[in-house]
Number of protein chains: 2
Amino acid sequence: MARREQASRGRDDRAGSLWLQPESKKRDPLTRERIVGAALELLDAHGAAALTVRRLAEQLGVAPATLYGYVRTKEDVLDLALDAVYAEVRIGEEYEDWSAEVAELLHAWRNALLRHPWSATVLGRPQLGPHMLAREERLYALLAAGGLTAPELQDAAYALSNYVIGSLLMQVAWQQQDESVRHAAAGHIAERSEAYPTLAAHRGTPDADWDRSFTNGLRSLLGGIAPD
Amino acid sequence: MARREQASRGRDDRAGSLWLQPESKKRDPLTRERIVGAALELLDAHGAAALTVRRLAEQLGVAPATLYGYVRTKEDVLDLALDAVYAEVRIGEEYEDWSAEVAELLHAWRNALLRHPWSATVLGRPQLGPHMLAREERLYALLAAGGLTAPELQDAAYALSNYVIGSLLMQVAWQQQDESVRHAAAGHIAERSEAYPTLAAHRGTPDADWDRSFTNGLRSLLGGIAPD
DNA sequence: TTATTCTTCCGAACACTGTTCGGACTACCA
DNA sequence: TGGTAGTCCGAACAGTGTTCGGAAGAATAA
């Protein structure tokens, strides 16, 4: 049965269908692009854990082993998918205030990743895709235009990038738990208010205002970075 | 053969050994602490991927299924191990300059995690262990002592924590690749210097000075955070 | 047309993974 | 001595990423 299903996916046996076959074969050649497209669908719809080689192959109407003709490993697929997310980050051309433009770039970056929360699980490996590099080039260029040079330039890019990544990772980590867990965490701290007095008193609500915190933190960072 | 090996681990059949058995059984009772201790050894010695339930059980001289009497899931083990790492972060009592003390706390935090690079892979889930909460309590307390209140306090803690985590994640991601990969990455960018001119010109050496960048970024951030 | 190369594809297997369940063994207490 | 808790684990389950030898198809050559 599984066999028939698989066969009927790869080949159409209905009467007269042979006339359509060659064309549709040429219209749907398996390519890297199609593979990462299908991977993105699975990732966006069901999260990082749902992307398995077998499911990906099934979505493409193909056997699992076939994918390995186009991709060295599953991690390659994830890297390609992540770069496709980076492609969503609009990179401007002109600008008036370099510092404001940096803020806009980093907001766009964060928003793109937040739209695809599975991306947080992929960030733990160095990325060198073209869109990711384009984003970093833009960041360096803006900071250089702001007057930063030599080691301060690297330090500023390091700080800003890592701030974005850390913020994303934490927000996704908490938002992927459902509300009951977040409430339980708050209760856990409240119950131990003599061990964690300041935390119990001032740590925010279970659903924090992530956007406000990110914006304010970024302002602080940019304020400390500008050359004098 | 595998059977015999397993049996000889659980039980000692040498002549006369029965006299020693009950005592050693009582000296080595399986506990959560022993489990996370063994997990830490495996993680530190061979990295996150090397921690499998079977290997962990083997190290403890126990069958895999036995562990599930002490721990709900493998992720529990990782959470416990991570909190053991947080326990290494020394938390002071007195201080003179709150801002300098925050810097020291965050440095200690980062250093502890860098000593156990596998920790980076665990950071993607919310942590609520006692030592991790103690660290956050200390951070909140110091910032409150510095005069921060209400929303700014949360924003500052958010920014500082996420900066540390993002920095750690990136550094570990790059350092876990061996040098040849880092050089290849630098070469990749250099070859495309017309697409990434600023990057090619100013992005640092393959082995960056992570400590300097972290320290400088932290100074910038703290400078932008202090209330006026 | 027939024969031959070349490419694409995939069934089946491999060596793992985390986890569950029923029963076996032990230690204790009546 | 019998019964009862508690601990432990062999065996299996359902899945994972990946490899390999060969089958099927298209393209080229004779």
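- Judged purely by distance below 3.5 Å, without hydrogens or angles, the side chains of A:E88 and A:H116 pair a donor atom with an acceptor atom.
- At least one side-chain heavy atom of A:V122 sits under 4.5 Å from a side-chain heavy atom of A:Q127.
- Within the 4.0 Å cut-off from OP1 or OP2 of C:dC9, at least one side-chain nitrogen or oxygen of A:Y70 is found.
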Exercise for the section: With pairs defined as Watson-Crick or G-U wobble and both distances under 3.5 angstrom, please note down DNA chain C as a dot-bracket string, | for pairing with another strand. Expected result: ..|||||||||||||||||||||||||||.
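- With rounding to whole Å, B:E58 atom CD is found 13 Å from D:dC9 atom P.
- Formation of a donor-acceptor pair under 3.5 Å by the A:R72 side chain with backbone atoms of A:Y68 is not found in this model.
- Here the side chains of B:D209 and A:Y158 are not in contact, with every heavy-atom distance at 4.5 Å or above.
- Rounding to whole angstrom units, CG of residue A:L67 and P of D:dC20 are separated by 17 Å.
- Atom-to-atom, CG of A:L60 to C1' of C:dC10 comes out at 14 Å; the value is rounded to the nearest Å.
- Near DNA chain C, meaning a heavy atom under 4.0 Å from it, residues 119-128 of chain A has no residue at all.
- Figure legend: cation-pi geometry between B:R135 and B:W109, with NZ or CZ positioned under 6.0 Å from the six-membered ring centre and within 45° of its axis.
- In this structure, A:R34 atom CZ and C:dT8 atom P are separated by 15 Å, rounded to whole Å.
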Shorter than 3.5 Å, N or O on both sides, protein versus nucleotides 12-16 of chain D: list them out with atom names.
unit_1, atom_1, unit_2, atom_2, d
D:dT16, O4, A:R54, NH2, 3.2

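- In this structure, A:I35 atom CD1 and C:dT8 atom P are separated by 12 Å, rounded to whole Å.
- Here the C1' atom of nucleotide C:dT8 and the CG atom of A:L30 are 10 Å apart, to the nearest Å.
- Side chain of B:R203 to main chain of A:Q154: no donor-acceptor pair is present (N/O by atom type, distance under 3.5 Å, no hydrogens or angles).
- Using a distance-only test at 3.5 Å, with no hydrogens or angles considered, a donor-acceptor pair links the side chain of B:D83 to the main chain of B:M132.
- In this structure, A:T73 does not reach the D:dG17 phosphate: none of its side-chain N or O atoms is under 4.0 Å from OP1 or OP2.
- A cation-pi arrangement is present between B:R110 and B:F214 under the rule of less than 6.0 angstrom and at most 45 degrees off the ring axis.
- To the nearest 0.5 Å, atoms CG (B:L160) and CD1 (B:I165) are separated by 11.5 Å.
- The neighbour count for B:H46 NE2, taken as heavy atoms of other residues, nucleotides or ligands under 6.0 Å away, does not exceed 12.
- Between the OH atom of B:Y68 and the P atom of C:dT19 there is a distance of 4 Å, given to the nearest Å.
- Proximity of a side-chain donor or acceptor of B:R54 to a complementary backbone N or O of B:P64 within less than 3.5 Å is not detected.
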